[in-house]
Trainee: 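Sending over a structure as structure tokens; questions will come in a sec.
Order of listing sets the numbers, starting from 1, for every ligand and every atom in it.
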Amino acid sequence: MKRNHHRMPLFEKLKQFTAGQPLSFHVPGHKNGTLFPKGAYPYFEQILQLDVTELPGLDDLHTPTASIAEAEYLASDFFGSDHTFFLVGGSTAGNLAMILAVCSAGDKIIVQRNSHKSIINGLELSGAKPVFVAPEYDEELDRYTNPSLSALSEALRKHPDAKAVVLTYPDYFGKTYPIQEMIDLAHAFDIPVLVDEAHGVHFSLGDPFPVSALQLGADVVVQSAHKMAPAMTMASFLHVKSTVIQKERIAHFLQIIQSSSPSYPLMASLDISRSFLATLHAEQVTAILQSVGNVRNALQYAYYGKVLSTDDPLKITFHVEQGISAKAVAGLFEERKIYPELITHNQLLFIHGLAPFEQVEVLKKTIKSVGEQLKYSRNHATIEVAKLFSKPIQELALSYQEMSKLPYKRVSFTEGIGHIAAEAVTPYPPGIPFILKGETITAAHVETIEQLRKQGIGIQQREQGIRIFSI
Ligand SMILES: Cc1ncc(COP(=O)(O)O)c(C=O)c1O
């Protein structure tokens, strides 16, 4: 039966509830927005009305039976899952829950090495024994992408007892790869595939966007609705379509990981974003693509770099010419109030929204004036990152159980070479650890970190140096 995707059951219920002008003798403490500092109130006014709690008729995220259940059902219908969970803790919560649902302490799990830290943190929480498969270095794109089919195949042959394969698809830059072959291969070993599709919520729109891993047979797929669709920050989906992974196990871990007071505005924004995606017309998609073309053309005029091609049309990667620092280029854009999503040592990532971009003329002017200023402030930079993930298949030097019992100390990065890291080192964004907790620190790691630092690329770290295990 065809569902009506213009419907937004949760959002509608919330509107109905607030229209009744309810009086609050319950949490949250802002009392439907009546108790809020004056200076901030005008900014929060509308949203506070929706920021309610599990009142009669408003359902409960952790045991949904009414409007949340209906909203999740419509999402599952649009995305094509057996069951879809609303997440209020980002894809982070989904990634943690899917890993915890498939493995316990000591279980093997095959994981793409350049995964987001939420995947790596899930491994540590579960106490699993990860087998990492290294990504390939794409010379043309000048960065790491996905693991090869042959590397995954070798990992599966060596570790047929693994509980799952965890892949990331697409990457931050919208690059996809033949993931279906990998899913089929893992399934041939009776191993389920979990996919971090944080950047691909719009893939279910169909052509010209790539196909979602969910349609390609993945067992669990996690998507940050807030990254590419009109949803509030943290609002995300977890889809299950599997004969081996039980949704009850995932529900169990989600209620452990996520708040017992999930935000209704966030959940309603998931309902709204599903409806937005499901009701987008072909003509609207054409207008979006036209606009993407305009933005790409504008960037193509910049003499200080080139626009790379990618699979997801909404991701526009500008590769800065050798000898110019991407950070410096980004800084000049930011001074002019244009903010890219991500800056690496050599690339700037611009994310186009799911609507035409109206300010192409402003962008063109900015591109030109950045170019003029750059002539006077060149900042030379060459960073060699191609050797970071050199071993095709790698395990940690210590198990998480061993690590939890060992003392550690903090040393300088250089002193750390040859020792086992007791913490991860993660440039953010994209949030992919260069060094993992439990990995042996190499000279290549330290050299890259120093170069990135000089380039002003942020690394998530509270203290200087690195913790190593004292063994
Ligand atoms: C590949 C990938 N996975 C997971 C996440 C975490 O997503 P969230 O911010 O929704 O928790 C991110 C965030 O940037 C990401 O890039």
Side-chain angles (χ1 to χ4, degrees), residues 75 79 84-100 111-125 132-133 135 143-147 164-177 179 193-203 210 212-214 218 220-239 250 253-254 257-259 262-263 265-267 269-270 273-274 310-312 314-315 317 339-344 347 349-351 389 424 426-434 436 457-460:
F79 290 104
T84 291
F85 290 96
F86 279 11
L87 308 175
V88 290
S91 285
T92 296
N95 285 343
L96 295 176
M98 72 182 180
I99 291 174
L100 290 165
V111 184
Q112 176 172 340
R113 168 61 183 85
N114 55 338
S115 294
H116 185 259
K117 63 180 194 156
S118 53
I119 298 280
I120 309 296
N121 289 337
L123 301 175
E124 181 170 355
L125 279 183
F132 291 106
V133 187
R143 54 182 157 79
Y144 281 101
T145 55
N146 51 278
V165 168
V166 186
L167 297 171
T168 301
Y169 169 98
D171 70 8
Y172 214 121
F173 299 85
K175 165 114 176 39
T176 62
Y177 53 95
I179 195 171
V193 179
L194 317 179
V195 179
D196 175 356
E197 200 172 279
H199 296 272
V201 73
H202 56 305
F203 286 7
S212 165
L214 192 65
V220 180
V221 174
V222 171
Q223 299 171 330
S224 294
H226 68 94
K227 289 196 198 300
M228 301 300 293
M232 288 178 71
T233 295
M234 299 207 288
S236 302
F237 296 113
L238 184 153
H239 309 293
I250 293 189
F253 287 105
L254 282 176
I257 292 162
Q258 301 206 102
S259 171
S263 155
L266 286 193
M267 292 190 280
S269 81
L270 282 169
S273 69
R274 180 269 313 151
T310 193
D311 304 303
D312 177 358
L314 299 184
K315 296 285 179 84
T317 303
Y339 295 89
E341 159 67 17
L342 171 71
I343 302 131
T344 70
Q347 297 177 342
L349 173 66
F350 295 83
I351 302 187
F389 307 129
T426 309
Y428 194 87
I432 297 169
F434 269 172
L436 298 175
I457 306 287
I459 292 183
Q460 277 188 330

Trainee: With no hydrogens and no angle check, is any side-chain donor or acceptor of Asp311 less than 3.5 Å from a backbone partner on Thr176?
Mentor: yes
Trainee: Distance to 0.1 Å, residue and atom name: give those for the protein heavy atom nearest to atom 8 (P) of ligand 1.
Mentor: Ser91 N, 3.4 Å
Trainee: Relative to each other, are the rings of Tyr169 and Tyr177 parallel, tilted or perpendicular (30° and 60° limits)?
Mentor: perpendicular
Trainee: Report yes if the side chains of Ile119 and Gln112 come closer than 4.5 Å at any heavy-atom pair, otherwise no.
Mentor: no
Trainee: At under 4.0 Å between heavy atoms, which part of Asp196 makes contact with ligand 1: side chain, backbone, both or neither?
Mentor: side chain
Trainee: Give a yes/no on ligand 1: does Ser236 have at least one heavy atom closer than 4.0 angstrom to it?
Mentor: yes
Trainee: So is His226 touching ligand 1 or not, going by heavy atoms under 4.0 Å?
Mentor: yes
Trainee: As an exercise, identify every atom of ligand 1 less than 4.0 angstrom from a heavy atom of Tyr172.
Mentor: 16 (O)
Trainee: Give yes or no for whether the N/O distance cutoff of 3.5 Å, strictly under, is met between Ser118 and ligand 1.
Mentor: no
Trainee: For atom 16 (O) of ligand 1, grab the closest protein heavy atom and report residue, atom and distance to one decimal in Å.
Mentor: His199 NE2, 2.7 Å
Trainee: Go through ligand 1 atom by atom and flag the ones less than 4.0 Å from a non-hydrogen atom of Ser224.
Mentor: 7 (O), 8 (P), 10 (O)
Trainee: Contact between Ile257 and Leu100 at the side-chain level, heavy atoms closer than 4.5 Å - yes or no?
Mentor: yes
Trainee: Tell me the protein heavy atom at minimum distance from atom 11 (O) of ligand 1, and give that distance in Å.
Mentor: Thr92 OG1, 2.6 Å
Trainee: Tell me whether Ser236 contacts the main-chain N or O of Met234 through its side chain, where contact means a donor paired with an acceptor under 3.5 Å.
Mentor: yes
Trainee: Please classify the Asn95 to ligand 1 contact at 4.0 Å (heavy-atom distances, strictly less than): side chain, backbone, both or neither.
Mentor: side chain
Trainee: Would you say that Asn146 contacts Leu167 through its side chain, given a criterion of any heavy-atom pair below 4.5 Å between the two side chains?
Mentor: no
Trainee: Of all the non-hydrogen atoms in the protein, which one sits nearest to atom 13 (C) of ligand 1, and at what distance?
Mentor: Lys227 NZ, 2.9 Å
Trainee: Assign the ring pair Tyr172 / His199 to parallel, tilted or perpendicular, where the plane angle (0 to 90°) is split at 30° and 60°.
Mentor: tilted
Trainee: What I want to know is whether Thr168 and ligand 1 share at least one N or O pair that is separated by under 3.5 angstrom.
Mentor: no
Trainee: Taking the side chain as every heavy atom from C-beta outward, state whether Asp196 and Val166 have any pair of such atoms under 4.5 Å apart.
Mentor: no
